[in-house]
Amino acid sequence: MKRINSLLIISLLLPLSFSLNSCVHEDEYENSRLGNFEALWKIMDEHYCFFDYKKQEICLDWDEVHTRYSKMVNETMNNDQLFEVLCKMIGELKDGHVNLSSPFDYGRNWSFHEDYPLNYNDSIVNLYLGHDYRISSGLKYKILDDNIGYARCESFSNSIGSGNVSIMLEHMASCVGVIIDVRNNGGGDLRNAHTLASHFTNEKVLTGYISHKTGKGRNQFSTPEPQYLSPADEGIRWQKKVVVITNRRCFSATNDFVKCMRLFPNVTILGDNTGGGSGMPFNSEIPNGWVVRYSSVVMYDAEMRHTEFGIQPDIPLQMSGKDTDMALDTYIEEARKLLSRKIND
Amino acid sequence: MAVLLLPSLCVYSQIEQLTKMSEHSLMFGGGPANMLDTYISPYSYTGWGLRLQFDTHRKLKMMNGTVSRYSLFDLNGAFLKNHNKNVNSYGIGIRYSMAWLKSINTKSEAFTFSFGPQISGFFGGLAVFRSGNNPANPQANIAIDATAHADYSFNVKNRKWKVKGQLTVPLFGAAFSLNYGQSHYEMFILGNYDRNVVFAHPFNMPSLRYRFTLDIPVGRHESTFRIGYAGQMNQSKFNNLKFHSYTHDFMIGYSKSIYKK
């Protein structure tokens, strides 16, 4: 019994002594100009998921970025100046999901759409919708004069249910085809994008792969897991032709929606490249309290290709100034022609 | 050794009807809290927390009455902020533990010492609702702990006061943790498993829980007013993620002893 007692006491004392000497903590940078700079660089260095891809595509060298920008930081800078330098540094990543939030500004690199034509005119689109369009779960829809359904999806932030999509498709049941206009849709919840897409396939489809960082190393990633999209369990599955209209502002979850839709045989993507944004963003912070957002999870397409810099449409098109002058939307008009032609064929 | 002892102890727990005496206490308190979860932020969050503890200590007949069973339900919540006080976070922890304690003959009626194995289950974590993809890393574990209790009784104006100390150290078990950059979407929507259940031991979960109380008799001799301090140092290093929760709570409550024939 004494031996058992001794063993039990040792089993208590050994881990006790270890626990007392083992504080789990993270090294913290001080809240100075240089401290904030180093903290931001390190967060990105240890968590950002596209270093290899960006090195290949835009010759990004994150270590060189540190060398170059650290020279611009000194303790006499004011907050505005520090913010400007930090935003320029993370802007080197050319990622719309990388942002720095302060009380006075929102740092971003939106060159994915700012450097390109908008290819969207809200006033003209409103002319197509008129005043008698329907709204269901954020989807605005109506049947155009040539019996083509038109659905405008401005965001995937609002919850989209299968029931709502089915009601819309049922309303358009007699149409020759449907146009899904996702221009200027900056994303939202992936689940909403997938719910909408699930009404346009009859089969479970491999849509891509997903992988996350597993450690601080720039190459530490989990094994890519396949992602599938199953047909909607309930409601209507659209069997006719579909044209999805895109522009450079189709970002994040909308990029993923287009990535799925382009795999379906009866779907045509028309317009400009999407904006990309295939990383899933995480949030963190630097010592002065500014919040940083960065891509942490990589989502590939079905061929294991990145879509971070966007997806090319099946039919590339630019808005025509002549059409705009006549209050016509080149994309919608082309989609109508395409659907009419397909039904005639 | 703790594991070897458990099956035999469980058998003896069936003769609970022969229990001679039990003590129940309910305590409530609060104090400062410091939490870190590198899944959310590389910086510690500090603030204040509240804690509720309900425990039962029951003597068993086994080993000539030298073994007792102790169970503790522990609930705590904390409201915390980052260094700059511009981000709020919320900490929560729920733990249930059950220990079998063997008394040692101290040759003193005033001082008693007991120790033994304990099974505990925990669920909790720190949450910052600024991102839907990494709002929190839920912490959960089931562990075999080693625990020790020491009591010292003394008389004040012919009433029996008691000082009690408790110390618990987790030995090993299984713990749940998200992976380093794994999103909630991958884990909870897609169900993609990535080493989310890990073997926990003192090197990756060096933790410590302790409590000191003073029982002051009030009214009839079965009841005491109880004040105390409960400290917890819960830590882990799983999947390259670091977590700590340090809490110091000042507790008040009461305890009641029940005697049975």
Side-chain angles (χ1 to χ4, degrees), chain A residues 1 3-5 7-29 31 39 42-43 46-47 49 101 103 189-191 210-217 220-223 225 227-228 280-291 293 296-298, chain B residues 1-2 4-5 36 38-44 63 82-87 102 104 115-117 128 130-135 145-148 167-172 179-183 185-186 189-190 192 194-195 201-203 205-208 233 235-237 239-240 242-244 246:
Chain A
M1 183 54 73
R3 186 173 291 174
I4 291 173
N5 287 346
L7 284 170
L8 282 171
I9 288 174
I10 289 168
S11 72
L12 178 71
L13 291 179
L14 270 180
L16 173 63
S17 61
F18 188 77
S19 297
L20 289 172
N21 290 297
S22 304
C23 281
V24 174
H25 69 95
E26 184 76 346
D27 292 335
E28 297 186 359
Y29 287 97
N31 186 10
K42 188 183 174 200
I43 285 171
E46 294 178 348
H47 294 85
C49 65
S101 300
D189 193 325
L190 272 175
R191 288 172 294 182
I210 190 165
S211 175
H212 53 257
K213 294 273 323 256
T214 56
K216 294 178 178 178
Q220 281 184 268
F221 284 93
S222 63
T223 306
E225 292 278 352
Q227 276 185 289
Y228 294 94
M280 191 175 282
F282 273 32
N283 281 29
S284 188
E285 65 196 283
I286 57 176
N288 64 5
W290 295 349
V291 173
R293 191 168 81 137
S296 173
V297 178
V298 186
Chain B
M1 181 50 64
L4 293 175
L5 194 59
L36 166 78
T38 57
Y39 181 74
I40 295 168
S41 168
Y43 303 100
S44 296
M63 293 185 183
N82 64 348
H83 284 304
N84 294 280
K85 314 292 182 196
N86 68 333
V87 178
K102 171 79 170 68
I104 286 183
F115 60 93
V128 178
R130 65 184 169 206
S131 167
N133 295 320
N134 68 324
D145 311 323
T147 187
L167 180 66
T168 301
V169 184
L171 297 177
F172 57 88
N179 212 312
Y180 185 75
Q182 188 178 22
S183 62
Y185 177 75
E186 292 170 277
I189 304 297
L190 300 178
N192 291 347
D194 185 17
R195 289 172 287 186
H201 48 76
F203 292 96
M205 196 171 73
S207 301
L208 186 63
M233 190 177 85
Q235 306 182 116
S236 67
K237 288 182 283 186
N239 293 332
N240 293 311
K242 295 177 183 175
F243 171 82
H244 79 222
Y246 305 143

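In what follows, chains are A, B, ... by sequence order, proteins preceding strands, each numbered from 1.
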Should Leu190(A) and Tyr185(B) count as side-chain neighbours, where that means a heavy-atom distance under 4.5 Å? yes

Answer with side chain, backbone, both or neither: which region of Gln227(A) has an atom nearer than 4.5 Å to a non-hydrogen atom of chain B? side chain

Min side-chain heavy-atom separation Ser222(A)-Asn179(B) under 4.5 Å: no

Leu190(B) side chain reached by Glu225(A) side chain, heavy atoms, under 4.5 Å: no

Going by side-chain contact (heavy atoms from CB on, under 4.5 Å), name the residues that satisfy it together with Ser296(A), two or more places apart in sequence or in a different chain. Phe282(A), Tyr294(A)

Nearest-0.5 Å distance, CG of residue Asp27(A) to NZ of residue Lys242(B): 6.5 Å

Residues forming a ring pair (Phe, Tyr, Trp, His ring centres under 6.0 Å) with Tyr246(B), sequence neighbours excluded: His244(B)

Taken to the nearest 0.5 Å, the spacing of Ser44(B) OG from Glu28(A) CD works out to 5.0 Å

Can you tell if the side chain of Ile43(A) reaches within under 4.5 Å of the side chain of Pro42(B), non-hydrogen atoms only? yes

Interchain contact, Ile40(B) with chain A, by part (heavy-atom threshold 4.5 Å): backbone

Any side-chain heavy atom of Thr214(A) sitting closer than 4.5 Å to one from Arg195(B)? yes

Would you find a donor on one side and an acceptor on the other, under 3.5 Å apart, between the side chain of Asn84(B) and the backbone of Pro287(A)? yes

For chain A, which candidate among Asp194(B), Val87(B), Asn239(B) shows the most heavy-atom pairs at distances under 4.5 Å? Asp194(B)

Polar contact flag, side-chain donor to acceptor under 3.5 angstrom, Gln235(B)-His25(A): no

Heavy-atom cut-off 4.5 Å, strictly under: side chain, backbone, both or neither for Lys216(A) against chain B? both

Hey, what do you get for OG1 (Thr223(A)) to CG (Asn192(B)), rounding to the nearest 0.5 Å? 11.0 Å

Gln182(B) versus chain A, the contacting section by heavy-atom distance below 4.5 Å: both

Contacting moiety of Asn31(A), where chain B heavy atoms sit under 4.5 Å: side chain

Spacing of Tyr43(B) atom OH and Glu26(A) atom CD [to the nearest 0.5 Å]: 8.5 Å

Distance (rounded to the nearest 0.5 Å) between Asn134(B) CG and His47(A) NE2: 9.0 Å

Distance-only side-chain donor-acceptor flag, Ser41(B) / Glu285(A), under 3.5 Å: yes

Which of the residues Arg191(A), Lys213(A), Glu46(A) is involved in the greatest number of heavy-atom pairs with chain B at under 4.5 angstrom? Lys213(A)

For the atom pair CG (Asn288(A)) and CG (Asn86(B)), what is the distance rounded to the nearest 0.5 Å? 8.5 Å

Let's go through Tyr180(B) and Gln220(A) carefully: what are the C-alpha distance in whole Å and the side-chain angles of both, what is the deciding distance for side chain to side chain contact (heavy atoms under 4.5 Å, CB included) to 0.1 Å, and is it a yes or a no? CA-CA 10 Å; Tyr180(B) 185 75; Gln220(A) 281 184 268; over 6 Å; no

Of all heavy-atom pairs linking Val24(A) and Ser236(B), the shortest is CG1-O, 3.6 Å

